Amino acid sequence: MSICSEWDKINPAEYEGIWVYLEVEDGALSEGGLQMLGVARNLAHKKETYVGGVLIGRDVSQLAREAIYYGADKVFVADDKRFEEYYAALYAEALASLAKEYKPEVILVSGTMRGREFTPYVANILRTGITADCTSFEVDQAAKDVLGVRPTFGAYLIAHIRTLNRRPAIFTARPNVFPTPEKNLAREGEIIHTQPKVADVCGVKIINRTRFSRGTVPIEKAKILVSGGKGLGSKEGFTLLQEFARAIGGEVSGSRKAVDAGWINHDKQVGQSGKTVRSDIYFAVGISGAVQHLYGIREARCVVAVNQDPDAPIFNNCDYGLVGDYTEVIPALIKAVKKLQKQSNPENKNA
Amino acid sequence: MNIVVCVKWVPNTTSVNIDQKTGTLIRTGVPSVINPHDLHALEMALTLKDRYGGSVTTITMAPPSAKLGLEHAIGMGCDKAMLVTDMVYAGADTLATSYTLAKAISRLKFDLMLVGQETVDSSTAHIGAQIASWLHIPYLYYVVDVKYLGGGKIWAKRLLEDAYEEYELTLPALLAAAMHSTKPRRVKLSHKLRCRSEPVIEVWNNKTLGLEVSCVGLKGSPTIVKKTSFVPEVPRKKVVCQPRDLDEAAEWLVKRLVEERLLKI
Ligand SMILES: Cc1cc2nc3c(=O)[nH]c(=O)nc-3n(C[C@H](O)[C@H](O)[C@H](O)COP(=O)(O)OP(=O)(O)OC[C@H]3O[C@@H](n4cnc5c(N)ncnc54)[C@H](O)[C@@H]3O)c2cc1C
Ligand SMILES: Nc1ncnc2c1ncn2[C@@H]1O[C@H](COP(=O)(O)O)[C@@H](O)[C@H]1O
């Protein structure tokens with residue numbers, strides 16, 4: 001194996017531990033980071049090593065304990081006013097600097113938008129391999145290294161990817177692909193305060209941030225989702241889905257074609273290039289069931305399909321399916337829900 | 001402003017099919033297209049050129065057949081195109097690809113670099129950040145709008161999960177255009193015909209770039225694909241019916257969901 005002469009030589013055997021970068025969101029650890037701690041525990045168990053959490057930011061030290069409760073054995077904290085604002089290259093340099101110092105074997109990062117932005121830069125600084133959007137991990141029994149498994153070629157195939165000779169191996173996974181581990185207040189761990197070496201941020205400065213409320217429960221948190229596709233035919237179709245969602249306490253989401261048509265907002269897209277959902281029920285209405293869409297609903301507990309084409313692939317990937325025109329099926333479902341609500345709770349005037 | 005746009009020539013993954021009998025992927029006859037997300041980067045660059053003048057050069061690292069994609073980019077209004085191609089670049093992962101592209105790009109004089117958000121065939125969204133890293137230039141992803149501020153600075157607005165953010169960047173810088181951020185213009189025949197009459201597409205190979213072979217292609221790639229497989233199917237009940245009495249079927253389904261404790265009524 002030849003290695004580019006411009007790269008620092010490393011000894012892979014010196015690298016140990018499964019690290020997780022912990023993104024901070026509104027003063028708390030982001031859900032995606034917690035989910036990666038769950039993955040890391042699993043890998044650390046198989047590899048008999050420790051789980052390290054990395055916290056970068058300002059006034060983030062108090063979150064270290066939280067990371068331990070969720071699975072970290074050691075938390076490396078870089079709490080400094082230099083890290084008050086997130087800048088991709090700045091955070092990348094900080095994480096890379098810690099990785100050079102402490103030599104973890106693996107770094108896991110949740111593929112939030114910021115995670116996807118800065119992690120490839122970390123990989124470059126370390127001249128190492130990065131595998132994006134993993135949906136599972138394998139530990140090779142012989143080589144004892146960690147492989148990332150990810151969709152490729154438009155999600156028609158999955159590739160099992162290995163990082164040879166370079167460490168750490170870096171992986172990202174989209175939020176929600178893995179479950180959030182239980183919080184265990186009895187867990188103990190070590191907190192290590194660090195001073196990563198970073199150059200001054202130059203050439204990029206934030207001048208304004210406008211937060212917007214998503215108005216509704218984000219689809220990745222919803223228990224019930226009513227999702228519409230191209231088959232709705234128009235934006236009005238979503239009004240009907242909204243009515244159904246309201247009747248059963250759910251939220252509305254959509255396929256990419258529905259998003260492309262402008263019938264529903266981009267942040268509500270389900271699928272490989274949208275979000276992975278973990279709802280109890282996922283209604284797929286007027287959605288054909290393309291592989292990329294199915295990718296986002298693998299973790300849904302129950303999939304209910306409504307489609308007028310009995311040969312639509314979604315019917316091969318659902319728990320329950322009703323073949324029919326949604327403009328008839330959805331009103332029938334609303335009617336059934338209201339009827340049962342009345343039966344179970346006759347006093348409820350709203351039902 | 002002189003702008004360089006990275007584009008990739010990809011199989012049109014929307015027309016890929018699975019051979020139901022053999023369970024294999026039918027790749028033959030799948031036409032290639034410019035990665036759809038890169039059309040937004042091209043449009044953003046061409047809009048900036050319309051507004052502030054300068055030039056737009058597009059670049060791809062690919063086998064020679066990608067010339068067709070570059071002709072498309074010229075047809076949209078790019079001034080020049082570079083095809084970076086050599087057998088030794090084959091099998092590159094994103095580290096080696098970005099290294100090769102960065103070395104090629106550093107031969108060009110540019111103020112701004114634009115990339116697409118991700119590719120539809122590999123969809124890693126790595127290349128932008130990695131090129132910025134090799135070139136040591138500031139970068140920003142998910143950009144929906146850009147303006148030139150003068151004095152070697154640009155303003156860029158980006159969209160995150162729950163916020164719009166505005167930034168000032170010092171040129172040279174790299175931006176990744178967000179999906180859905182523009183309405184990409186169509187190809188104009190008069191533009192495209194330039195490919196016939198002028199040497200608008202330049203081909204660079206490793207003689208041109210002179211890169212160490214162990215830093216590029218498969219050899220310069222820390223990651224390798226150990227194997228590929230099909231996406232495992234999720235086990236589902238597959239109870240499908242084409243009801244004669246819709247109300248009855250709907251009621252049956254709702255009751256069922258309540259019984260399974262998925263729905264609370
Ligand atoms: C790299 C890549 C990433 C992608 N990522 C995503 C992603 O994240 N999410 C995603 O969804 N897609 C994604 N896609 C697109 C995907 O391939 C499909 O094009 C898309 O999912 C199709 O959306 P649809 O099911 O709404 O539309 P269609 O495939 O057009 O299906 C419409 C369905 O509606 C049915 N129908 C029509 N009229 C009615 C009616 N009156 N009542 C009931 N049913 C009706 C039809 O029978 C049909 O099955 C991606 C593609 C690529 C290449
Ligand atoms: N081989 C390539 N040649 C030129 N640009 C590329 C190439 N691969 C990726 N890119 C650019 O990098 C972006 C992100 O690609 P990716 O990291 O492959 O998802 C794309 O939208 C392109 O703009």
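Given the structure is predicted, the values throughout are model-derived calculations rather than measurements. Residue numbers begin at 1 in each chain, while the letters A, B, ... track the order of the sequences.
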Open item on the list: Are Phe118(A) and Tyr87(A), when compared by the centres of their aromatic rings, separated by less than 6.0 Å?
Closed with: no

- [ ] Go through the atoms of Leu159(B) and report whether side chain, backbone, both or neither lie under 4.5 Å from a heavy atom of chain A.
- [x] both

Open item on the list: Does Tyr164(B) have more than 12 heavy atoms from other residues, nucleotides or ligands lying within 6.0 Å of its OH?
Closed with: no

TODO: Look at Leu340(A), Asp133(A), Ile125(A) and state which one has the largest set of heavy-atom pairs under 4.5 Å with chain B.
DONE: Leu340(A)

Open item on the list: At a 4.5 Å cut-off on heavy atoms, which part of Thr119(A) comes close to chain B: side chain, backbone, both, or neither?
Closed with: neither

Task: Approximate separation, where rounding is to 0.5 Å, of Cys6(B) SG and Leu174(B) CG - done: 7.5 Å

Open item on the list: Looking at chain A, which one of Gln242(B), Glu251(B), Lys238(B) has the largest number of heavy-atom pairs inside 4.5 Å, strictly under?
Closed with: Lys238(B)

Task: Audit row: Leu225(A), Phe283(A), side-chain contact (heavy atoms from CB on, under 4.5 Å) steps and yes/no - done: CA-CA 6 Å; Leu225(A) 279 171; Phe283(A) 288 93; over 6 Å; no

Task: Best-contacting candidate, Arg261(B), Arg256(B), Glu248(B), against chain A by heavy atom pairs under 4.5 angstrom - done: Arg256(B)

Task: Matching residue for Ile154(B) among Leu149(B), Thr170(B), Leu169(B), Asp111(B) - test: side chain to side chain contact (heavy atoms under 4.5 Å, CB included) - done: Leu169(B)

Open item on the list: Quick check on the interface: out of Val231(B), Val254(B), Val258(B), who has the most heavy-atom pairs with chain A under 4.5 Å?
Closed with: Val231(B)

- [ ] Compute the centroid of each ring, for Tyr156(A) and then for Phe230(B), and state whether the two points are separated by less than 6.0 Å.
- [x] no

Task: Residue Thr124(B) versus chain A: region with a heavy atom under 4.5 Å - done: both

- [ ] Counting only heavy atoms closer than 4.5 Å, note whether Thr172(A) contacts chain B via side chain, backbone, both or neither.
- [x] neither

- [ ] Sort Gln272(A) into side chain, backbone, both or neither according to what part of it lies under 4.5 angstrom from a heavy atom of chain B.
- [x] side chain

Task: Derivation and outcome, salt bridge (Lys or Arg N to Asp or Glu O under 4.0 Å), residues Asp145(A) and Arg162(A) - done: CA-CA 8 Å; Asp145(A) 61 354; Arg162(A) 160 179 249 163; 3.0 Å; yes

Task: Partner chain B: residue of Thr135(A), Ile161(A), Ile207(A) with the largest heavy-atom pair count (under 4.5 Å) - done: Ile207(A)

- [ ] Run the ring-centre check on Tyr99(B) versus Trp134(B) and record whether the distance is less than 6.0 Å.
- [x] yes

Open item on the list: If we define contacts as heavy-atom pairs under 4.5 Å, which of Asp280(A), Asn316(A), Ile158(A) has the most with chain B?
Closed with: Ile158(A)

Open item on the list: Is Leu253(B) in contact with chain A via its backbone, its side chain, both, or neither, using a 4.5 Å heavy-atom distance?
Closed with: side chain

Task: N-O pairing of Asp162(B) and Arg211(A) below 4.0 Å - done: yes

Open item on the list: For the interface with chain B, which of Leu322(A), Ile334(A), Thr131(A), Thr152(A) has the highest count of heavy-atom pairs at distances below 4.5 Å?
Closed with: Leu322(A)

TODO: To the nearest 0.5 angstrom, please state how far the NZ atom of Lys157(B) sits from the OH atom of Tyr167(B).
DONE: 13.5 Å

Open item on the list: If I measure from the heavy atoms of chain A, does Pro232(B) come under 4.5 Å with its side chain, its backbone, both, or neither?
Closed with: both

Open item on the list: I'd like to know if Arg114(A) and Glu25(A) make a salt bridge, using a cut-off of under 4.0 Å between side-chain N and carboxylate O.
Closed with: no

Open item on the list: Working to the nearest 0.5 angstrom, can you tell me the gap between Arg167(A) CZ and Leu126(A) CG?
Closed with: 12.5 Å

TODO: Under 4.5 Å heavy-atom distance to chain A, tell me which part of Leu257(B) shows up: side chain, backbone, both or neither.
DONE: side chain

- [ ] Name the region of Glu212(B), side chain, backbone, both or neither, that has any atom closer than 4.5 Å to a heavy atom of chain A.
- [x] side chain

Open item on the list: At a 4.5 Å cut-off on heavy atoms, which part of Glu118(B) comes close to chain A: side chain, backbone, both, or neither?
Closed with: side chain

Task: chain B contact via Ile297(A) - which portion, at a heavy-atom distance below 4.5 Å - done: backbone

Task: Contact origin within Lys255(B) toward chain A - heavy atom pairs under 4.5 Å - done: both

Task: Heavy-atom proximity to chain B below 4.5 Å, by part of Lys205(A) - done: both

Task: Residue Leu333(A) versus chain B: region with a heavy atom under 4.5 Å - done: both

Task: Option in Ser229(B), Ala129(B), Cys215(B) with maximal non-hydrogen atom pairs under 4.5 Å from chain A - done: Ser229(B)

Open item on the list: Can you tell me which portion of Ile281(A) sits under 4.5 Å from chain B's heavy atoms? Options are side chain, backbone, both or neither.
Closed with: side chain

Open item on the list: For Lys264(B), I'd like to know if atom NZ has over 12 heavy atoms of other residues, nucleotides or ligands within 6.0 Å.
Closed with: no

- [ ] Have a look at Lys8(B) and tell me which of Thr119(B), Asn35(B), Asp121(B), Asp38(B) forms a side chain to side chain donor-acceptor pair (under 3.5 Å) with it.
- [x] Asp121(B)

Open item on the list: Below 4.5 Å, heavy-atom pairs only: which of Asn124(A), Thr210(A), Val304(A) has the largest tally toward chain B?
Closed with: Asn124(A)

Task: Residue Ser98(B) versus chain A: region with a heavy atom under 4.5 Å - done: side chain

Task: Which of Lys339(A), Gln292(A), Arg166(A), Arg298(A) touches chain B most, by non-hydrogen pairs under 4.5 Å - done: Arg298(A)

Open item on the list: Glu138(A) vs Arg150(A), test: salt bridge (Lys or Arg N to Asp or Glu O under 4.0 Å). Steps then yes/no.
Closed with: CA-CA 11 Å; Glu138(A) 293 167 357; Arg150(A) 75 181 299 265; over 6 Å; no

Task: Region of Ala173(B) that comes under 4.5 Å of a non-hydrogen atom in chain A - done: neither

- [ ] Go through the atoms of His126(B) and report whether side chain, backbone, both or neither lie under 4.5 Å from a heavy atom of chain A.
- [x] both

TODO: Show the numbers, then the answer: is there a salt bridge (Lys or Arg N to Asp or Glu O under 4.0 Å) between Glu260(B) and Lys237(B)?
DONE: CA-CA 13 Å; Glu260(B) 291 184 23; Lys237(B) 295 196 186 80; 3.4 Å; yes

